Amino acid sequence: MVGDETTKFNFANDRTLEAREIMTFVVNALREKGYDPVNQLVGYFISSDPTYITSYNGARGYIKRMERDELLELILKEYCDLLK
């Protein structure tokens, strides 16, 4: 990185559909077990600790199908696209 320039981060392939499928599955599993999905997912994204995600229905393994940073990028992209 040079000076105060912002580094551009870009993934080559679009995995939005896969991210949406993962998030839907994980959010549903968290709700079914009585957890607040937002709180649990924030804990997961900040700490990288998979125990924030329930193992119910294999949700913990399912969320690990995609790297945290890639998943978070796609979530934020979807949100920002809604604001256009």
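Just so we're clear, the structure is a prediction, and the values are computed from it rather than from any experiment.
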- Message: Nearest 0.5 angstrom please: Asn57 CG to Asn28 CG, how far?
- Response: 9.5 Å

- To the nearest 0.5 Å, how far apart are OG1 in Thr16 and CD in Glu21? 12.5 Å

- Message: According to a hydrophobic-cluster definition based on side-chain heavy atoms being under 4.5 Å apart (Ile, Leu, Val, Met, Phe, Trp, Tyr only), do Leu76 and Met23 belong together?
- Response: yes

- Message: Atom OH of residue position Tyr62 - does it have more than 12 heavy atoms of other residues, nucleotides or ligands inside 6.0 Å?
- Response: yes

- Message: Show the nearest heavy-atom pair for residues Ser47 and Tyr52, with the distance to one decimal.
- Response: OG-CE1, 3.2 Å

- Task: For residues Arg60 and Pro50, report the shortest heavy-atom separation together with the two atoms involved.
- Result: NE-O, 3.1 Å

- Starting at CE of Met66, measure out to CD of Glu73 and round the result to the nearest 0.5 Å. 10.0 Å

- Query: Honestly curious: do Phe25 and Val38 fall in one hydrophobic cluster under the side-chain, below-4.5 Å linking rule?
  - Reply: no

- Message: How close do Ile22 and Ile63 get, counting heavy atoms only, and between which atoms?
- Response: CG2-CA, 3.8 Å

- Could you tell me which non-hydrogen atom of Ile75 sits nearest to which non-hydrogen atom of Phe45, and how far apart they are? CD1-CZ, 3.9 Å

- Query: About how many Å separate CZ of Arg68 and CD1 of Ile46, when rounded to the nearest 0.5 Å?
  - Reply: 10.0 Å

- Query: Which atom pair, heavy atoms only, marks the closest approach of Arg65 to Glu18?
  - Reply: O-OE2, 4.2 Å

- Message: So does Thr51 get a backbone contact from the side chain of Asp49, meaning a donor-acceptor N/O pair under 3.5 Å?
- Response: yes

- Can you tell me how far OH of Tyr44 sits from CG of Leu72, rounded to the nearest 0.5 angstrom? 10.5 Å

- Task: Provide the closest heavy-atom pair for Ala19 versus Leu74 in the form atom of the first, atom of the second, distance.
- Result: CB-CD1, 3.7 Å

